[in-house]
Amino acid sequence: MFNQPILIASNNLDKTIELAKCFKVANVHAQSYQNKLARTTFPKEGTTSYLDNARQKAIFIAEKMPHAYVLGDDSGMIVDAYPDKFGVETSRQLVDYPTDKDKNDYLINLVAGKSRNVTLRTDLVLCSPSHHLYHGFGEFKGTFSDQERGQNGYGFDKILIPQGETHTLAEMPDCKKAPYLHRTKAVHNLLKRAVQNEYEYF
Ligand SMILES: O=c1[nH]c(=O)c2ncn([C@@H]3O[C@H](COP(=O)(O)OP(=O)(O)OP(=O)(O)O)[C@@H](O)[C@H]3O)c2[nH]1
């Protein structure tokens, strides 16, 4: 479907690796935009819409690489016990917790004695060389564990238990974990819309 690699418009390396893996499963080659352009600072993200932020990141790089396929992503976390926290501003609200362990310990303490339900969501926007914009969306639904468990993963994987499971994502092999990930679902949704040629212009 794509005659050249998709460039991922993100400075978050873990996210870039995870997205590239999700595309690889669908036989699509995706890689960091930094393989083609020097690292750049993205415009400040908005506070209301994942989709607008993903579109902004994709268009920002597409304007510098107009003949490329460029993918923008925005993701975040919705914690049932704190409906007014996180969301589109997740990464900015966790900035005081530098390591994954710091973030996970903070979240475990935050939900202690409260609802442990959590949703993670991703919106993706792909800009094509013909200036079509394709949108993809995916959600992970599950609960926070009460301690870190497992080794296979990064970020929140050690404390996220998918709905209907007892193990954390980091306790699962990739083949079991992948279908639960919000980014896997968003990539599938995006590719479905690309196949069906559902796009807008930019
Ligand atoms: O461990 C995680 N596993 C996940 O599955 C996940 N999904 C969302 N998040 C959090 O949400 C922020 C994304 O924010 P975000 O999309 O704005 O990206 P970012 O600011 O890190 O990089 P960039 O793409 O903007 O350059 C991240 O930093 C994380 O805090 C996740 N963390």
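Remember, predicted model here, so these are calculated numbers, not experimental data. Whatever order the structure lists them in is the order used to number ligands and atoms, beginning at 1. Positions are given from 1 along the sequence.
A salt bridge does not link Lys192 with Glu198: none of the charged nitrogens is closer than 4.0 Å to a carboxylate oxygen.
Using modelled atom types and a 3.5 Å distance limit, the side chains of Asp157 and Asn152 yield no donor-acceptor pair.
A perpendicular orientation is assigned to the rings of Tyr199 and Tyr134, their planes being inclined by more than 60° (bins at 30° and 60°).
Polar contact check, Asn11 against ligand 1: a nitrogen or oxygen pair lies under 3.5 Å apart. Residue contacts with ligand 1: Leu94 is placed with no nitrogen or oxygen under 3.5 Å of a nitrogen or oxygen of the ligand (distance criterion only). Taking only nitrogen or oxygen atoms, main chain and side chain alike, Ser75 reaches within less than 3.5 Å of ligand 1.
Atoms of ligand 1 lying under 4.0 Å from at least one heavy atom of Leu120, given by number and element, are 4 (C), 5 (O), 6 (C), 7 (N). Residue contact check: Gly155 has heavy atoms under 4.0 Å from atoms 1 (O) of ligand 1. Near Ser10, the atoms of ligand 1 lying under 4.0 angstrom from a non-hydrogen atom of the residue are 22 (O), 23 (P), 24 (O), 26 (O). Every atom of ligand 1 with a heavy atom of Asp73 under 4.0 Å away is listed here by number and element: 16 (O).
For atom 18 (O) of ligand 1, the closest non-hydrogen atom on the protein side is Lys15 NZ, 2.9 Å. Among protein heavy atoms, atom 22 (O) of ligand 1 sits closest to Asn12 CB, 3.4 Å. Ranking protein heavy atoms by distance to atom 12 (C) of ligand 1, first place goes to Ser91 CB, 3.6 Å.
Residues forming a ring pair (Phe, Tyr, Trp, His ring centres under 6.0 Å) with Phe2 (at least two apart in sequence, or on another chain): Tyr69.
In the candidate list Phe140, Phe42, Tyr154, Phe156, Phe156 is nearest to atom 32 (N) of ligand 1, counting heavy atoms. Of all the listed residues (Met77, Glu45, Lys103, His182), His182 holds the heavy atom that lies closest to atom 7 (N) of ligand 1.
A cation-pi arrangement is not found for Lys177 relative to Tyr180, the charged atom failing to lie both closer than 6.0 Å to the ring centre and inside a 45° cone about the ring normal.
With a 4.5 Å cut-off on side-chain heavy atoms, Thr16 and Ser32 count as touching. Between Ser10 and Lys57, the closest side-chain pair of non-hydrogen atoms is not below 4.5 Å.
Checking side-chain atoms of Asp74 against main-chain N and O of Ala54 turns up no donor-acceptor pair under 3.5 Å.
Contact analysis puts Arg183 in contact with ligand 1, with a non-hydrogen atom separation below 4.0 angstrom.
Aromatic ring centroids of Phe156 and Phe140 lie 6.0 Å or more apart.
In Asp74, the parts holding a heavy atom less than 4.0 Å from any atom of ligand 1 are both the side chain and the backbone.
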